[in-house]
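All values below come from the heavy atoms of this structure, side chains included, with hydrogens, waters and symmetry mates left out.
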Amino acid sequence: MRNTRPISWLKAARRDFAEFPDDVQSDMLDALTIAAEGGKSDKAKPFKGVEGGLFEVALKYRGDAFRTLYAVKIGNDIWVIHAFQKKSKSGIKTPQMEVDLIRERLKRLKEALQ
């Protein structure tokens, strides 16, 4: 039997994720399940710009881009920090507003779990 870690969600991330198309949700949940089982999906990559342990799943769907960010180094759970549809104004780079939000959510989660 596998030692699967629980997947926990920040409420805002869960709410935003629920707005994604069903196919996108399914693919992202598959990637999160792989992370919970101790692996890394080929759709996940380390998220740059925030200290270690944060990964991003980025999927394209019908011309749109959807992203989900999760942390693997906070407590025992896999924590889904943020989910958003990227509206490109800067190529593939994550908009600074989103990076700032991710940093703030990560900081608040770490404080809440101490």
Side-chain angles (χ1 to χ4, degrees):
M1 182 165 169
R2 292 184 179 167
N3 185 16
T4 304
R5 296 167 64 184
I7 299 172
S8 295
W9 297 75
L10 294 184
K11 283 183 185 177
R14 186 59 156 159
R15 186 180 57 242
D16 294 339
F17 185 83
E19 299 292 319
F20 289 3
D22 290 342
D23 289 344
V24 173
Q25 287 186 40
S26 178
D27 286 351
M28 287 199 173
L29 287 171
D30 288 345
L32 290 170
T33 300
I34 290 169
E37 293 173 346
K40 186 179 89 52
S41 167
D42 59 356
K43 294 176 181 149
K45 64 181 184 192
F47 184 73
K48 295 177 179 21
V50 177
E51 66 274 0
L54 198 62
F55 288 84
E56 173 183 49
V57 179
L59 298 175
K60 289 185 177 165
Y61 180 78
R62 296 186 179 171
D64 292 321
F66 295 89
R67 296 190 178 178
T68 299
L69 288 102
Y70 65 92
V72 295
K73 293 184 178 179
I74 300 176
N76 292 327
D77 297 8
I78 300 292
W79 278 94
V80 180
I81 305 292
H82 190 39
F84 66 103
Q85 179 178 351
K86 184 171 178 306
K87 301 199 177 5
S88 183
K89 293 181 177 73
S90 57
I92 65 169
K93 186 175 181 202
T94 303
Q96 189 61 45
M97 180 182 79
E98 300 290 350
V99 174
D100 292 343
L101 181 60
I102 292 161
R103 280 192 181 123
E104 181 60 28
R105 287 183 178 178
L106 200 53
K107 178 181 168 204
R108 280 187 281 148
L109 177 62
K110 286 178 179 178
E111 289 170 356
L113 295 176
Q114 285 183 355

Would the number of heavy atoms belonging to other residues, nucleotides or ligands and lying under 6.0 Å from NZ of Lys40 be above 12?
-> yes
Ile102 and Ile81 have their tightest heavy-atom pair at O-CG2, 4.1 Å
Connected via hydrophobic side-chain network under 4.5 Å: Leu32 and Leu59 = yes
Could you pull out all residues at least two apart from Gln96 that satisfy side-chain hydrogen bond (donor to acceptor under 3.5 Å, both in side chains)?
-> Asp100
Quick one: do Leu106 and Leu101 end up in the same hydrophobic cluster if we chain Ile, Leu, Val, Met, Phe, Trp and Tyr together by side-chain heavy atoms under 4.5 Å apart?
-> no
Taken in chain and number order and not counting sequence neighbours, the residues that satisfy side chain to side chain contact (heavy atoms under 4.5 Å, CB included) with Ala65 are Lys86
Show every donor-acceptor pair shorter than 3.5 Å between a side-chain atom in residues 21-29 and any protein atom, with sequence neighbours excluded, or say none if there are none.
unit_1: Gln25; atom_1: NE2; unit_2: Phe17; atom_2: O; d: 3.4
unit_1: Gln25; atom_1: NE2; unit_2: Ala18; atom_2: O; d: 3.2
unit_1: Gln25; atom_1: NE2; unit_2: Phe20; atom_2: O; d: 2.8

With Glu19 via side chain to side chain contact (heavy atoms under 4.5 Å, CB included) - residues at least two apart | none
Establish whether Leu10 and Phe84 are linked, either directly or via other cluster members, by ILVMFWY side-chain heavy-atom contacts under 4.5 Å.
-> yes
By side chain to side chain contact (heavy atoms under 4.5 Å, CB included) - contacts of Arg5 (at least two apart) | Val72, Ile78
Side chains of Tyr70 and Val57: does their closest heavy-atom pair fall under 4.5 Å?
-> yes
Rounded distance [0.5 Å steps], CZ in Arg103 versus NE2 in His82 = 13.0 Å
Output, in order, the C-alpha distance, side-chain angles, deciding distance and verdict of side-chain contact (heavy atoms from CB on, under 4.5 Å) for Val80 and Trp9.
-> CA-CA 5 Å; Val80 180; Trp9 297 75; 3.4 Å; yes
With sequence neighbours excluded, tell me which residues meet side-chain hydrogen bond (donor to acceptor under 3.5 Å, both in side chains) with Arg108.
-> Glu104
Between Ala83 and Thr68, the two heavy atoms sitting closest are CB-OG1, 4.0 Å
Residue pair Trp79 / Leu113, side-chain heavy-atom distance below 4.5 Å | yes
With sequence neighbours excluded, give me every ring-ring contact (aromatic ring centres under 6.0 Å, His included) pair touching residues 22-49.
-> none
Listed partners of Ser41 passing side chain to side chain contact (heavy atoms under 4.5 Å, CB included), at least two apart | Ala31, Ile34, Lys43, Ala44
Of all heavy-atom pairs linking Arg105 and Ala13, the shortest is NH1-N, 4.0 Å
